[in-house]
Structures are given as structure tokens and as C-alpha cells.
**Q** 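Right, I'll just put the structure down here and ask away after.
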Amino acid sequence: MTSEKKYSVVIAGGGSTFTPGFVLDLIKSQDKFPLRQLKFYDNDAERQEKIAKAVEIIMKERAPQIKFSYTTDPKEAFTDVDFVMGSIRVGKYEMRSYDEKIPLKYGVMGQETTGPGGMAYGLRSIPAILQIIDWMEEYSPNAWMINYSNTIAIVAEACRRLRPNAKVINICDMPIDDMDRMAAICGLDSWHDIDFNYYGLNHFGWWKEVRNKKTGEDLMPKLKEYVKEHGYWVGGDYDKSTEASWEATFRKVADEYALEPETLPNNYMQYYYFPQWEVANADPKHTRTDEILEYRQKIVFGECERIVKAGTAADNIWDISGLHSEYIVDICHAIAFNTHEKFLANCANNGAISNMDPDSVVEVPALFGADGIQPMATGEAGRFQRGLMMEQQTCEKLVVDAYVEHSYNKMLQAFTLNKTVPDASVAKKILDDMMVVNKPYWPELK
């Protein structure tokens, strides 16, 4: 699809290791989502420049017609843009390491978006995301923000409560990864060939229906038969580059499915169904953050340095598209061209899940268009799922309460209530350690 209109995009979080791959997918998608301008914004000038210098070469070689720039000045970044892509990590990997390692010190699962680590990360993210929304509204009031900065459920609740009229859509690509695996299991090309009914919270959901989009065939029987043995692990060429920790995650889905075989689970449910298994299989001194620093970050910054030295981006490592960036481009296309395509959004429930509160922030299918999103009805949550969701979403609301009220007690309640934490005394130990390292980022909790 082509149009005379071309769009201006700013990536907030220009120093992210995901940024170069996203840029390559934007360039490849010019027939679908044509750009006139691409900007990077980051508050870490040095980190951003490592990425941006390489992207500058990529843009000159692949898309010289698109104006490219990068900056640490909010006014320069957010003026004259149509879309803001939220890809920030407040505190970077140093803080993620604490999110993972402090809970493990007390025998509690350590993970970046779930449990105490996810709540700590969410509390750090709230003020930064609200600031980006405010800059967008000041300098480009007609722009849309597509936010995929974690912890999505907490950020989305803060947006619902504190910026209710903002043009921001909170998304996550994790279910898309699971659906792409489902497509491979069923012999289909990609997740685009699947229609679905899904409900839950972010990193916390279930598929009620999975169908072949072209034929309408019910794929659930075939998937259930496969998943009960293999989880979402596909193997072969599909998984030839999948890291060992992710292989364990996708295989663990078999155990998650066995617990509730009426639906198919998001792979993140392992953290809530089997938190002690996670602790037993974790190394408190070497977590997922260490893997990333040793692998992805080193590779990405090394490749950027190689491109700059060579003066060319030929044969770069990002020429194979990634699901993450493709999904975001698809969403931008749907909004820009008012296609009302179906994706997943994190939004106020308002009846989408019939037996959840209207002000619950849920992750459900929605139609995306120029007017934003139209959440779709998914029916009732099962009794088991609803019980889990009520507990988890209350934790998320308590974190936002803690931010608004600067309340230590509300944050302690959030940690205590969370399914991954055994009792209030352990919750307090984790929170007290978290407060020390998060002092530069959290509001002062009293």
C-alpha cells in the first residue's frame, strides 16, 4: 500500500540494542509505512551514539531519502513527529541485574517483568514514560505513542490513571512469538496466518481459540496434542539460534498446559505456576542480564563498531527481519492507514473480559486504526484464570498507588500479595534492599 503522506518517527530509547534491527525493518517496510524522517532520542548520549553512528551509515546506503538525526534534547526529538516509539530501560542493565539478583538472594524468583523485579522495574518506568508522553503532547500533540517499554502492565495502569486522554497504546510482542511458534507447529508460514481469541494481563494470559485465518480450521486440537509433549519448542531450523535459557522456557509450557488444559498459556505463566522451580534452576550470581551483556549487547555494539570502521553496512547481522520490529511496523501501518487490523493491546477492560472489573488493565485483542484501539470482547475468564488475574492486577495497581502516594506500605503490600513471594517478612527484606539501589529512580517511599 502506498500513500502520498510520509511519516516522521522518533525512537525514544535510541541506544537500545533492539534499535538497529527495528530501523532495518522500517526501511524494508517503506511500501507499507513510508517515512520522511527518523529520529533517535536517549538521555545517554554515549550509548546512543554507538548505535546512531552505525544507523547513519545504514540510512545513507539503504534509505537516503529519509532524514535521520539523533539527539538528547527533548524539544528537538519530539517536535514534528507522527509516531513516538517507546523503547526505554530506566536504569539500563545495571538495574535489571538488581531486579533479578535481589529476590534470588531471599529465595524468590528474579525476573525483569514479573515478581518483585518486575514491580521494581515498573516503578522506575512510570515517571519516565509519563515524561515522554508530556513531551509528545507539548511538541507534537497529534502524534501517537506506541509504548513497548516494560513493565507494560504497570506502565499501562499508570497511563490509564494519570494520562487518561493521552494518545498512547501499550503493546507487547511476547504473545506474537508464541503464536509464530504455533503457526510453525501447524505448518503455517507465520503468526499472520493465525486468528485467535486471547485474554489476560501482560505476560500473563491464555489462548481460548487458535484458528487458521484462511480456512477457519480449529487448530487447538493439533496444538494441544503437540504442546502437551513439547511445549512451544519447535526445534530444527526454526530454533537454530534460540538460546538455551529460552529453550527451557518454551519446553516448560508443556507443564503449564498440563495444569489447565482447556486453554493454551503464554509462556510467561511458568513464573507464576512454578516460581520455586525457577529459583531452583537459577544461578543467583549469573542471571539473564549477564547472558545479555555477554551475548546480545556485545554482538550489537561490536557490529555497530564494525560498520562505522568499514564505512558500510553491507552484510550486517540485522538483515534478517525480527518479529519484534515487524509487529511494531504492522501496528504503525494500521494506525496510519486506518486498517482496523487485529493486534493485542494493554488497555482498560471496560467489558472486554466480562467477569473482570472495568478499570482492570488487561491484554486483549483490539482493532487498531486512526482513532486508536477498539478492544474486542473475549468472553469470560475461567475461574482459575480470573483468580490469578485478580491477584496479579491488584499488585500492579498497588505499585501505581505507591508511585502516586509515595507509599512504602503500598509497595510492601504489592510485594507481599504477589504469587511469587512466600510471605510479608520476605517481601520486606526484598523491598528494603530494592529501595537502596533504586534511590536515583523511585519516588521517596515513606
Side-chain angles (χ1 to χ4, degrees), residues 9-23 26 38-52 55 69-78 81 83-100 112-113 117-140 143-159 162-163 166-174 202-203 289 292-293 296-297 300-301 324-325 327-328 331-332 346 399-400 403 437-438 440-443:
V9 168
V10 60
I11 299 174
S16 166
T17 53
F18 290 107
T19 296
F22 183 34
V23 170
L26 280 170
L38 176 63
K39 301 194 250 187
F40 290 176
Y41 170 78
D42 206 300
N43 60 6
D44 185 336
E46 183 182 357
R47 183 183 175 95
Q48 176 169 257
E49 188 158 28
K50 289 177 184 177
I51 302 286
V55 169
S69 62
Y70 58 97
T71 183
T72 57
D73 175 29
K75 183 175 182 180
E76 187 180 338
F78 294 96
V81 295
F83 288 90
V84 176
M85 308 302 180
S87 180
I88 66 171
R89 180 182 293 281
V90 179
K92 299 193 277 291
Y93 286 112
E94 178 188 5
M95 295 309 301
R96 175 173 175 173
S97 185
Y98 287 126
D99 293 342
E100 294 169 348
E112 69 158 335
T113 64
M119 290 184 279
Y121 185 9
L123 188 57
R124 286 198 303 276
S125 297
I126 292 170
I129 295 297
L130 295 181
Q131 179 64 82
I132 290 170
I133 291 170
D134 292 347
W135 284 331
M136 177 184 79
E137 292 186 333
E138 180 178 358
Y139 299 120
S140 291
W144 279 100
M145 180 176 178
I146 311 300
N147 178 56
Y148 40 98
S149 307
N150 282 311
T151 302
I152 287 290
I154 292 167
V155 168
E157 169 64 17
C159 291
L162 304 173
R163 297 295 185 275
K167 295 176 70 173
V168 56
I169 303 173
N170 291 286
I171 65 161
C172 176
D173 66 342
M174 196 68 247
N202 182 239
H203 288 182
T289 299
I292 291 168
L293 292 174
R296 187 175 74 216
Q297 180 162 290
V300 169
F301 283 125
H324 171 82
S325 45
Y327 185 53
I328 298 162
I331 284 172
C332 292
N346 290 266
V399 173
V400 180
Y403 171 78
V437 298
N438 279 283
Y441 308 103
W442 282 5

**Q** Check whether any side-chain heavy atom of Val437 lies under 4.5 Å from a side-chain heavy atom of Glu94, and answer yes or no.
**A** no
**Q** On a heavy-atom basis, which atom in Ile88 and which in Ala12 lie closest, and how many Å separate them?
**A** CG2-O, 3.3 Å
**Q** Which atom names give the shortest non-hydrogen contact between Thr151 and Gly122, and what distance separates them?
**A** OG1-N, 3.5 Å
**Q** Kindly say whether Met136 contributes a backbone atom to a donor-acceptor pair with the side chain of Lys167 at under 3.5 angstrom?
**A** no
**Q** Answer yes or no: is there a side-chain heavy-atom contact under 4.5 Å between Asn170 and Cys159?
**A** yes
**Q** Between Pro20 and Ile51, is there a side-chain heavy-atom distance shorter than 4.5 Å?
**A** yes
**Q** For the atom pair CE (Met145) and CD1 (Ile133), what is the distance rounded to the nearest 0.5 Å?
**A** 5.5 Å
**Q** I'd like to know if the side chain of Ser140 reaches the main chain of Val81, judged simply by a donor and an acceptor atom lying under 3.5 Å from each other, with no hydrogens or angles considered.
**A** yes
**Q** Just by distance, do the side chain of Ser149 and the backbone of Gly86 share a donor-acceptor pair under 3.5 Å?
**A** yes
**Q** Do Ile126 and Val400 make a side-chain contact, defined as non-hydrogen atoms from C-beta onward lying under 4.5 Å apart?
**A** yes
**Q** Is the shortest distance from a Lys or Arg side-chain nitrogen in Arg47 or Asp42 to a carboxylate oxygen in the other one below 4.0 Å?
**A** no
**Q** Where do Arg96 and Ile292 land on the side chain to side chain contact (heavy atoms under 4.5 Å, CB included) test, with the steps shown first?
**A** CA-CA 11 Å; Arg96 175 173 175 173; Ile292 291 168; 3.2 Å; yes
**Q** Any donor-acceptor pair under 3.5 Å linking the side chain of Lys39 with the backbone of Ala77?
**A** yes
**Q** Under 3.5 Å, is there a donor on one side chain and an acceptor on the other for Asp73 and Thr71?
**A** no
**Q** Quick check: does any side chain N or O of Thr113 sit under 3.5 Å from a backbone N or O of Ile152, one acting as donor and the other as acceptor?
**A** no
**Q** Is the centre of the Trp135 ring less than 6.0 Å from the centre of the Tyr41 ring?
**A** yes
**Q** Are Leu162 and Tyr403 packed together at the side-chain level, in the sense that at least one heavy-atom pair is separated by less than 4.5 angstrom?
**A** yes
**Q** Between the main-chain N or O of Ser16 and the side-chain N or O of Thr19, is there a donor-acceptor pair closer than 3.5 Å?
**A** yes
**Q** Go through the side-chain N and O atoms of Thr17 and Gln297 and say whether any donor and acceptor fall under 3.5 Å apart.
**A** no
**Q** Rounded to the nearest 0.5 Å, how far apart are CD1 of Ile146 and CD1 of Ile328?
**A** 9.0 Å
**Q** Any side-chain heavy-atom pair from Asn43 and Thr72 closer than 4.5 angstrom?
**A** no
**Q** Hey, is the main chain of Val90 close enough, under 3.5 Å, to the side chain of Arg124 for a donor-acceptor pair?
**A** yes
**Q** For Phe22 and Tyr148, which heavy atoms make the closest approach, and how far apart are they?
**A** CE2-OH, 3.7 Å
**Q** Is the closest side-chain heavy-atom distance between Ile171 and Asn147 below 4.5 Å?
**A** no
**Q** Check whether any side-chain heavy atom of Ile132 lies under 4.5 Å from a side-chain heavy atom of Val84, and answer yes or no.
**A** yes
**Q** Which atoms form the tightest heavy-atom contact between Ser325 and Gly21, and what is the distance?
**A** OG-O, 3.8 Å
**Q** Using every non-hydrogen atom in the two residues, find where Asp99 and Ala120 come nearest and quote the distance to one decimal.
**A** OD1-CB, 3.7 Å
**Q** Is a donor on one side and an acceptor on the other found under 3.5 Å between the side chain of Glu100 and the backbone of Thr289?
**A** yes
**Q** Do you know which two heavy atoms are closest between Cys332 and Met85, and how far apart they sit?
**A** SG-CE, 2.9 Å
**Q** Apply side chain to side chain contact (heavy atoms under 4.5 Å, CB included) to residues Leu38 and Val23 and explain how you reach the verdict.
**A** CA-CA 9 Å; Leu38 176 63; Val23 170; 4.0 Å; yes
**Q** Roughly how far apart are Phe78 CZ and Asp134 CG, rounded to 0.5 Å?
**A** 10.5 Å
**Q** Report the distance from atom NZ of Lys75 to atom OH of Tyr139, rounding to the nearest 0.5 Å.
**A** 6.0 Å
